[in-house]
Amino acid sequence: MAKVVDQERAGSTGPSTFDVERIREDFPILGRREHGKPLVYLDSSNTSQKPRQVIETITEYYERHNANLYRAVYALAEEATSMFEAARDKLTRFIGAPDSGSVVFNRGTTESTNLVAYGYARKFLREGDQILVSEVEHHSNLVPWQFAAQATGATIRAIPLAEDGTLDLTDLESLLTERTKILAVTGMSNVLGTMPPLKQLAEAAHAVGAVILVDGAQLVPHSPVNVQDLGIDFLTISGHKMLGPTASGGLYGRRELLEQMDPFLGGGEMIREVHLDRSTFKEPPWKFEAGTMNIAQEVGLGAAIDYLEGLGMEAVRRHEQELTAYALKRLGEAGARVFGPTDVEHRGGAVSFWFKDIHPHDLAQVLDTEGVCIRAGHHCAQPLMRILGVPATARASFYIYNTPAEVDALVEALEKAEGIFVA
Ligand code: C6P
């Protein structure tokens with residue numbers, strides 16, 4: 001049924017070769033003008049734009065297939081259920097998970113990390129245990145662990161940032177000990193673009209009996225990912241950063257771990273049997289999916305995955321590496337101080353910078369008048385800002401629809417800002 005929606009009603013799944021001009025035609029919002037100028041959207045690390053294939057799939061779902069999941073025996077509800085489960089199958093394949101029982105749907109990375117912190121860490125950690133994070137983490141990969149540490153008496157340690165913007169793994173052996181129970185690390189930093197060596201970290205974590213959670217909010221949209229090849233235990237996924245709707249995405253968890261974990265939210269549909277004073281629960285993933293789910297969103301995410309798979313994730317990564325290399329070069333020539341690794345083999349396309357001592361918020365406002373959307377602020381990474389010694393950064397981030405000409409537009413807009421703020 002999902003196939004009928006994707007292909008007949010909602011048009012093709014997208015271009016099958018990497019032709020940026022052709023890709024741009026699929027994104028209606030990119031035709032918009034901002035302050036009379038063409039829109040230059042350089043904030044995809046925040047949220048990506050959506051192709052018409054995703055928008056039409058959602059419309060189609062509501063116009064022809066909408067019903068609640070599982071609960072009803074009529075055909076419409078069965079259709080909605082099979083579309084939702086088809087989207088789960090697509091996400092399972094996309095991240096190389098062994099079976100769809102290991103893929104939980106929810107609102108994305110923040111909810112997924114909280115789920116693991118609640119369902120795993122609170123259940124299994126004890127006083128004196130340690131949770132290892134890194135200094136580049138987003139707040140959503142820090143705060144849930146702080147909650148779990150407070151509840152269990154565990155403590156939090158951090159892998160330091162190296163001068164070159166990578167993680168400093170020199171002292172990994174002393175940081176990762178038999179007291180470490182969880183290693184929670186980003187797959188790609190939203191500030192520096194840093195991509196830690198996940199396979200190596202997974203092996204090191206397992207060698208001391210810890211589990212590893214990878215924050216995939218930035219990694220999964222921008223790079224091929226195979227959870228089995230990486231050998232990781234948990235992966236968080238934000239659908240809205242990978243062409244999908246907001247409040248789509250979920251959590252990959254190794255099946256044995258999901259089975260041992262406590263449910264996160266209690267309510268309808270996640271149960272097997274309920275008595276007035278106790279309940280038993282369904283098997284994963286449904287044990288973690290209480291109440292009415294984000295059905296249209298996950299169906300839309302399925303269409304986003306079709307689109308990305310049509311392009312090929314290797315090609316997506318290559319395009320962004322080229323664009324990032326060009327941006328690093330142009331920004332450096334323009335006199336920006338760029339943070340993060342310089343080698344695009346080991347970094348993603350979130351490029352943070354400081355330009356001519358102009359506050360990033362002022363910079364972003366001037367750029368907006370030129371039609372250029374960048375993000376300014378601490379990017380939900382306050383500990384990292386303290387280490388970098390800045391209150392905020394300006395950040396341009398790239399995706400499949402961005403072009404070298406848009407990097408040029410960014411640099412031209414920066415030069416305009418310089419004319420305004422630097423006498
Ligand atoms: N970063 C940005 O950088 P949610 O909101 O749950 O989809 O994702 C949270 C999140 C977690 N980890 C990383 C590495 C992230 O980059 C983000 C979201 C956005 O602009 C908003 S702060």
Side-chain angles (χ1 to χ4, degrees), residues 41-50 91 104-118 133-147 158-159 161 165 167 183-196 198 201 212-223 225 232 234-252 264 294 297-298 300-301 304 320 324 339-341 347-353 360-361 364 373-385 388 392-399 402:
Y41 187 75
L42 302 179
D43 198 19
S44 294
S45 289
N46 203 346
T47 196
S48 72
Q49 296 302 347
K50 323 300 175 199
L91 184 54
V104 178
F105 273 148
N106 60 32
R107 289 186 304 127
T109 291
T110 301
E111 191 169 326
S112 294
T113 312
N114 277 276
L115 190 164
V116 179
Y118 186 90
V133 295
S134 88
E135 289 181 342
V136 305
E137 299 307 318
H138 187 277
H139 296 166
S140 77
N141 202 22
L142 294 173
V143 182
W145 305 118
Q146 294 167 3
F147 291 166
I159 302 171
L161 178 72
L167 295 191
L183 169 58
V185 69
T186 191
M188 184 186 281
S189 160
N190 64 321
V191 179
L192 304 177
T194 311
M195 293 173 74
L198 296 178
L201 289 173
I212 176 168
L213 173 139
V214 172
D215 173 343
Q218 301 294 342
L219 179 70
V220 178
H222 300 282
S223 174
V225 173
I232 59 179
F234 297 106
L235 175 72
T236 66
I237 302 145
S238 288
H240 71 100
K241 295 186 198 290
M242 49 185 281
L243 312 181
T246 47
S248 68
L251 170 74
Y252 159 75
F264 183 36
N294 47 347
Q297 286 89 338
E298 302 294 11
L301 176 59
E320 289 177 29
T324 305
F339 301 96
R347 62 160 298 149
V351 181
S352 278
F353 58 93
H361 286 128
C373 307
I374 62 161
R375 189 168 171 201
H378 55 62
H379 314 291
C380 300
Q382 288 183 1
L384 175 59
M385 292 296 127
L388 296 176
T393 70
R395 184 191 69 187
S397 55
F398 307 110
Y399 210 12
N402 292 122

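Fair warning: this is a prediction, and the values are worked out from it, not measured in the lab. Order of listing sets the numbers, starting from 1, for every ligand and every atom in it. Computed over heavy atoms, backbone and side chain alike; hydrogens, waters and symmetry mates excluded.
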May I ask you to identify the nearest protein heavy atom to atom 18 (C) of ligand 1, giving residue, atom name and distance to one decimal place in Å? K241 NZ, 2.9 Å

Please report which non-hydrogen protein atom sits nearest to atom 11 (C) of ligand 1, along with the residue it belongs to and the distance in Å to one decimal place. S140 OG, 3.1 Å

To the nearest 0.1 Å, how far is atom 15 (C) of ligand 1 from its closest protein heavy atom, and which atom is that? H138 CD2, 3.3 Å

Side chain proximity check, E137 to V185, heavy atoms < 4.5 angstrom: yes

Within less than 4.0 angstrom of ligand 1, does H240 place any heavy atom? yes

L384 side chain near L192 side chain, heavy-atom distance below 4.5 Å: yes

Return a yes/no value for R395: is any of its N or O atoms, backbone included, closer than 3.5 angstrom to an N or O of ligand 1? yes

Option with minimal heavy-atom separation from atom 8 (O) of ligand 1, where the choices are S45, S112, S238: S238

Listed partners of R347 passing salt bridge (charged side-chain N to carboxylate O under 4.0 Å, His left out), at least two apart: none

Is it the case that atom CZ in F339 sees more than 12 heavy atoms from other parts of the structure closer than 6.0 Å? yes

Can you check whether L183 reaches I159 side chain to side chain, under 4.5 Å on heavy atoms? yes

Ligand 1 to H379 polar contact by distance, N or O atoms, under 3.5 Å: no

Note the single closest protein heavy atom to atom 21 (C) of ligand 1, along with its residue, its atom name and the distance in Å. R375 NH1, 3.4 Å

Quick one about S248 and N294 (side-chain donor to acceptor, distance below 3.5 Å, no hydrogens or angles considered), yes or no? no

Within the 4.5 Å heavy-atom criterion, are T236 and L115 side-chain neighbours or not? no

Would N190 count as being in polar contact with ligand 1, using the rule that some N or O on each side must be under 3.5 angstrom apart? yes

When distances are taken from atom 14 (C) of ligand 1, the protein heavy atom at minimum range is D215 OD2, 3.5 Å

Quick one, T186 with H138, criterion side chain to side chain donor-acceptor pair (under 3.5 Å). Give me CA distance, side-chain angles, the key distance, then yes/no. CA-CA 8 Å; T186 191; H138 187 277; over 6 Å; no

Report the member of T110, V136, T113 with the shortest heavy-atom distance to atom 4 (P) of ligand 1. T110

Side-chain heavy-atom pair N141, L213 within 4.5 angstrom cut-off: yes

Considering only the protein, which heavy-atom contact is closest to atom 16 (O) of ligand 1, and what is its distance? Q218 NE2, 2.6 Å

One finds that the ligand 1 atoms under 4.0 Å from a non-hydrogen atom of C380 are 22 (S)

